[in-house]
Protein chains: 2
Amino acid sequence: MAANRPTIKDVAALAGVSKSLVSLAMRGSDRVSAESRAAIIEAATQLSYRPNAAARSLADRRSHTLGVIVLDLLNPIYAEIIDGVQGEVRQHGYHTMLVTGNDNPIIEQSEVEKLLEFQVEGLVLIGHRMPAGSLDAIEGDCPAVVISRAERGIAGLDSISNDDVLGARMAVDHLVSLGHQSIAHVTGGINEVAMLRKFGYEQSMTDHGLADQIACYEGAFTDEGGYRGAAVALDSNRRHTALFVANDIAAVGALAAVADRGLNVPTDISIVGYDGMALAGLRSLSISTIAQPLARIGAEAASLLFLRIGDPTRPPAHIGVEPRLIVRNSSGPCHT
Amino acid sequence: MAANRPTIKDVAALAGVSKSLVSLAMRGSDRVSAESRAAIIEAATQLSYRPNAAARSLADRRSHTLGVIVLDLLNPIYAEIIDGVQGEVRQHGYHTMLVTGNDNPIIEQSEVEKLLEFQVEGLVLIGHRMPAGSLDAIEGDCPAVVISRAERGIAGLDSISNDDVLGARMAVDHLVSLGHQSIAHVTGGINEVAMLRKFGYEQSMTDHGLADQIACYEGAFTDEGGYRGAAVALDSNRRHTALFVANDIAAVGALAAVADRGLNVPTDISIVGYDGMALAGLRSLSISTIAQPLARIGAEAASLLFLRIGDPTRPPAHIGVEPRLIVRNSSGPCHT
DNA sequence: CGAAAGTGTTGGAACGTTCCAACAAATCGT
DNA sequence: ACGATTTGTTGGAACGTTCCAACACTTTCG
């Protein structure tokens, strides 16, 4: 561990120039003579000089850093979104500060606070839990974009999400095209996204003249929730031939419920999930699903943020991305 | 968006005291009179003042921030480790800067560089890919701890990992206790962790007098790799009754290979994985596994780092944590 | 050939904090 | 009652950068 970290002054002294010139050179200005530049680079590497980001961001009044707060790292779909964000951010030469809310609004709030103290230039919220009031407060302070939660209500924030209603309709359309009629829905609980998916399901069923076949079973966005909902569906006296489950994780649970009853997927019953998490594609699961373009959502969120940073007065935008059907082995023709 | 962010001076002016006193008060010093404190708090909230972390860390020469670099966010076990790190870090009142290497040594290197520019006080490396040389360089600059890669070779770094040899032995012991003898191993490819697990497998087989039953099939730490390895194992003319697969993701692939052959788990063949990722516990998979205490590994890594920050001269430590057997539905008694 | 325009380079003033020595006022001990 | 301590408070100097106005020197050109 060397004594004290070398500063720009040390480099200047060693190279025999002024600190200002070193500053210029380090940032690759073209107003530096070739000789000076060479001497400076030489000195810098010799001292293994590393600019101090704190000092820089203080002087510059820009941190070149974006804050990303994610509801919960454990859900694999968030990880995929984050990857998208990071890629885009890197391209802009920015840096990312990533924190988790641990599914806890208090922690979430305080982490956001910390990010703001670090003078992040923008905030990406991935599936937050904050009350609208806090969001408004943030918005006054710092450009922000919200992912994966419909935020039509909140005026000032950019947001991006997939079209859950459309996606749900696609799931039903797919099952209908396979000849299914008694298509049940295992819901994702009481939250906006789940509601939209349920709504899409009902809409499409009705459009196909299957309104009388509509059947919703209460579930949740978890393995456990999917299992419960599917179990009730399967044990009912209605002979459902297909299940549209509110998300992929829940679909994994539903798969287990089917297996527990000695039934086969897709011969006895078809299953379609939602989200397109990589995991659902593993061969043991091979769940048909409505995929969100997760990485693209992350990337678009980041570029939206850069747009707003560039022009804080631009009107808030909402980007909707299209979900896409991925057919795997969990859905097949209706056999009754 | 308010005009300019209020600074400590603005607060001081509004409260009618000096900036020094505000600084004291904000950090909760007890040398501030009740009146002054009240006035300051009042002023601060009124202006919605937020201290500037860049300025603070410049003056303080401490960033109160730790850097965490993870190989790849997509692997769920890393997410669980990160959660552990974050929890511990939060308890110390520190902040975390999390970046990914995207499984790319170049990016990894440059991200670490950025973290160091931010004057992080320490670094947690979760499954890095850097050559030993870069690691040495880091070590000179900044306390660091390495997770989940045995680093006995590198003298100066603290590290923490589970005992892979022991874990592999536990897996075999478990299968033997269920009456299995022809226990094959699907490997994790050519890397240190995989080698250790393979070594533990061979050791335990030998100890149980089953040296002649040892059979290794080449796989990888992926779904695909597990599928391939298991497929070869199952198609061989040796009638294996159990498979120890190098990690959980690969075990998921192995499960698919078994299903493809119309065989049943665990009646026809037992499977044990390694890692203890939450996912393996989903009811559709229910894979018996050797679990690493992932969150604890993260937490211990962080506290190790705090120890070293507190005393940079302390000798480097290696902490080994014990893996634990979790029996689920993928392993059962031998029926032949 | 002298003014104008360009080329490199420089010192000093920011940026928003924390730390420190200094100090005034109140309280103490003898 | 008077120096010694304690209790609050203060201005100014760091911290390591970037920015800016000002500088010498060349070069250009009418």
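By convention in this document, chain letters (A, B, ...) are assigned in the order of the sequence lines, proteins followed by strands, and residues within each chain are numbered from 1.
Within 4.0 Å (heavy atoms only), B:S33 reaches sugar-phosphate atoms of the nucleic acid but no base atom. Contact annotation for A:K9: no contact, since no heavy-atom pair falls under 4.0 Å across all strands. Within 4.0 Å (heavy atoms only), B:T7 reaches sugar-phosphate atoms of the nucleic acid but no base atom. Heavy atoms of A:R56 sit under 4.0 angstrom from primed sugar atoms or phosphate atoms, though from no base atom. Among the protein residues, A:S57 comes within range of no part of the nucleic acid, since none of its heavy atoms lies under 4.0 Å from any strand.
Under 3.5 Å, the side chains of B:Y94 and B:E88 contain no donor-acceptor pair of N or O atoms. A donor-acceptor contact closer than 3.5 angstrom is absent between the side chains of A:R37 and A:S33. Between the side chains of B:S159 and B:H318, at least one donor N or O lies within less than 3.5 Å of an accepting N or O.
Put simply, B:S23 has no side-chain N or O that comes within less than 4.0 Å of OP1 or OP2 on C:dT17. At C:dC19, one or more side-chain N or O atoms of B:R27 fall inside 4.0 Å of OP1 or OP2 (strictly under the cut-off).
When the nearest nucleotides of DNA chain C are assigned to B:A54 and A:V32 by heavy-atom distance, the more 5′-ward of the two goes with A:V32. Residues B:L24 and A:A59 each lie close to DNA chain D; by heavy-atom proximity, the contact nearer the 5' end of the strand is made by B:L24.
Taking atom NZ of A:K19 as the reference point, atom P of D:dC15 lies 13 Å away to the nearest angstrom. Atom CD of A:E35 is separated from atom C1' of C:dT7 by 13 Å (rounded to the nearest Å). Distance, A:L58 CG to C:dT18 P: 12 Å, rounded to whole Å. Atom-to-atom, CG of A:N52 to P of C:dT17 comes out at 16 Å; the value is rounded to the nearest Å. One interatomic measurement links the two molecules: CD1 of A:I40 to C1' of C:dG8, which rounds to 11 Å at whole-angstrom precision. B:R61 has its CZ atom 12 Å from the P atom of D:dA14, to the nearest Å. Rounded to whole Å, atom P of C:dC19 lies 14 Å from atom CG of B:L21. We find that CD1 of A:I8 is positioned 12 Å from P of C:dT10, with the value rounded to whole Å.
Donor-acceptor pairing under 3.5 Å, judged by distance alone, is present between the side chain of A:S20 and the base of C:dG11.
The number of heavy-atom neighbours closer than 6.0 Å to CD of A:E322, taken from other residues, nucleotides and ligands shown, is 12 or below.
The side chain of A:S18 has C:dG11 as its nearest neighbour among C:dG11, D:dG16, D:dC19.
To the nearest 0.5 Å, the span separating CD on A:E108 from CG on A:N102 amounts to 10.0 Å.
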